[in-house]
Amino acid sequence: MNKKEKYAEVLRMIQAVVEEESDMVANMANVAALLHEEFGFWWTGFYRVDQESEQLVLGPFQGPVACTRIPFGKGVCGTAWERAEVVIVPDVHKFPGHIACSSASNSEIVVPVFQGKKVIAVLDIDSTEFNTFDQTDKEWLEKIVSLIR
């Protein structure tokens with residue numbers, strides 16, 4: 001099965017799990033678990049926007065212990081939040097201001113979760129391999145996070 005076929009299958013699984021659930025945190029937890037299990041990523045999870053502190057706060061995730069708070073515009077996650085766009089990093093060690101929650105991470109993708117035009121969270125996925133993520137991941141992960149309401 002190629003990457004697109006696998007994402008299509010995972011998207012169907014996620015739709016089935018989240019369609020009847022209205023709790024956003026529960027849906028984030030299941031999305032993180034399904035993506036992590038099906039693709040075998042190093043770390044898969046969400047950071048939720050805390051408007052009051054202007055920080056991302058750790059949400060549901062799968063993988064090793066993670067950074068708890070990330071300031072607006074800092075690191076890959078904070079940059080994706082600030083730009084309100086997907087950020088793909090082939091080599092995190094070359095990303096200016098990268099926040100190293102784990103030295104095992106080598107590449108990363110961060111996908112904003114929107115409510116209307118406002119970013120309310122980000123999906124962060126890390127890989128121990130370099131150059132893991134591409135436009136296929138971007139396209140399918142955007143579809144997946146659009147299911148989180």
Side-chain angles (χ1 to χ4, degrees), residues 1-51 54-63 66-67 69-92 94-99 101-102 105-149:
M1 182 180 312
N2 68 34
K3 189 190 280 192
K4 287 181 183 180
E5 292 168 336
K6 189 163 192 167
Y7 269 117
E9 181 180 308
V10 170
L11 179 64
R12 285 190 295 277
M13 293 165 59
I14 289 171
Q15 285 171 323
V17 169
V18 304
E19 70 183 346
E20 297 297 322
E21 180 53 60
S22 61
D23 187 272
M24 186 172 62
V25 173
N27 287 333
M28 287 178 171
N30 278 326
V31 168
L34 277 164
L35 287 169
H36 194 76
E37 188 69 25
E38 293 299 319
F39 286 95
F41 296 126
W42 170 249
W43 195 92
T44 311
F46 290 89
Y47 282 92
R48 298 171 298 109
V49 172
D50 179 5
Q51 293 292 347
E54 293 190 4
Q55 294 180 327
L56 293 168
V57 180
L58 182 63
F61 73 93
Q62 299 283 310
C67 300
R69 291 182 176 267
I70 299 172
F72 181 76
K74 302 297 182 190
V76 182
C77 290
T79 299
W81 175 24
E82 180 180 44
R83 294 179 185 169
E85 64 184 32
V86 175
V87 176
I88 298 172
V89 183
D91 180 349
V92 297
K94 294 179 180 177
F95 188 87
H98 175 252
I99 300 169
C101 298
S102 169
S105 176
N106 287 310
S107 62
E108 184 171 2
I109 186 169
V110 179
V111 182
V113 179
F114 292 95
Q115 188 170 59
K117 293 184 179 188
K118 186 176 184 178
V119 177
I120 59 167
V122 297
L123 169 63
D124 179 21
I125 303 177
D126 292 27
S127 172
T128 57
E129 304 296 320
F130 291 97
N131 300 304
T132 298
F133 306 104
D134 58 23
Q135 291 301 308
T136 298
D137 298 286
K138 176 187 182 294
E139 174 188 327
W140 286 94
L141 292 171
E142 285 178 317
K143 290 177 186 179
I144 288 167
V145 301
S146 74
L147 300 174
I148 297 172
R149 299 279 178 245

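Keep in mind the model is a prediction, meaning the values are calculated, not measured.
- Inter-residue side-chain proximity for Ile88 and Asp134 is flagged as unmet; no heavy-atom pair is nearer than 4.5 Å.
- Rounding to the nearest 0.5 Å gives a distance of 6.5 Å between CG of Leu35 and OG1 of Thr44.
- For residues 38-51, the pairs satisfying salt bridge (Lys or Arg N to Asp or Glu O under 4.0 Å) are Asp50-Arg69, with sequence neighbours left out.
- The side-chain contact (heavy atoms from CB on, under 4.5 Å) search around Gln15 returns Leu11, Arg12, Leu147, not counting sequence neighbours.
- Taking Lys143 as the reference, Glu139 meet the salt bridge (Lys or Arg N to Asp or Glu O under 4.0 Å) condition, with sequence neighbours excluded.
- Scanning for ring-ring contact (aromatic ring centres under 6.0 Å, His included) contacts around Trp43 gives Tyr47, Phe61, with sequence neighbours left out.
- In this view, Val17 and Asn30, Leu34 satisfy the side-chain contact (heavy atoms from CB on, under 4.5 Å) rule, not counting sequence neighbours.
- Partners of Glu19 under the side-chain contact (heavy atoms from CB on, under 4.5 Å) rule, at least two apart in sequence or in another chain, do not exist in this structure.
- In plain terms, the two heavy atoms of Ala33 and Gln62 that are nearest each other are CA-CG, 3.6 Å.
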Less than 3.5 Å apart, which donor and acceptor atoms pair up between the side chains of residues 109-131 and the rest of the protein, not counting sequence neighbours?
{"residue": "Asp126", "atom": "OD2", "partner": "Ser105", "partner atom": "OG", "Å": "3.0"}
{"residue": "Ser127", "atom": "OG", "partner": "Glu129", "partner atom": "N", "Å": "3.0"}
{"residue": "Ser127", "atom": "OG", "partner": "Thr132", "partner atom": "OG1", "Å": "2.7"}

Practice item. Could you please spell out the steps behind the side-chain contact (heavy atoms from CB on, under 4.5 Å) verdict for Ile144 and Tyr7? Key: CA-CA 9 Å; Ile144 288 167; Tyr7 269 117; 4.1 Å; yes

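- Relative orientation of the Phe41 and Phe133 rings is tilted, given thresholds of 30° and 60° on the angle between their planes.
- Between Gln55 and Pro71, the shortest heavy-atom contact is CG-CA, 4.2 Å.
- Listed by chain and residue number, Thr79, Glu85, Val87 satisfy the side-chain contact (heavy atoms from CB on, under 4.5 Å) test with Arg83 (two or more places apart in sequence, or in another chain).
- At most 12 non-hydrogen atoms from other residues, nucleotides or ligands lie less than 6.0 angstrom from CD of Glu54.
- Residues satisfying the side-chain hydrogen bond (donor to acceptor under 3.5 Å, both in side chains) criterion with Glu142, sequence neighbours excluded, are Lys138.
- Within a 6.0 Å sphere centred on NZ of Lys3, heavy atoms belonging to other residues, nucleotides or ligands number more than 12.
- Within the structure, the ring-ring contact (aromatic ring centres under 6.0 Å, His included) test picks out the following pairs touching residues 71-91 (sequence neighbours left out): Phe72-Trp81.
- Qualifying side-chain hydrogen bond (donor to acceptor under 3.5 Å, both in side chains) partners for Asp91, counting only residues two or more places apart in sequence or in other chains: none.
- For Ala32 against Gly45, the heavy-atom pair with the smallest separation is CB-CA, 4.2 Å.
- The two residues Ile70 and Cys77 have their closest heavy-atom pair at CD1-CB, 3.9 Å.
- Within a 6.0 Å sphere centred on CH2 of Trp140, other residues, nucleotides and ligands contribute more than 12 heavy atoms.
- In this structure Phe46 satisfies the ring-ring contact (aromatic ring centres under 6.0 Å, His included) test with no other residue, sequence neighbours excluded.
- Val86 places none of its side-chain heavy atoms less than 4.5 Å from the side chain of Asp137.
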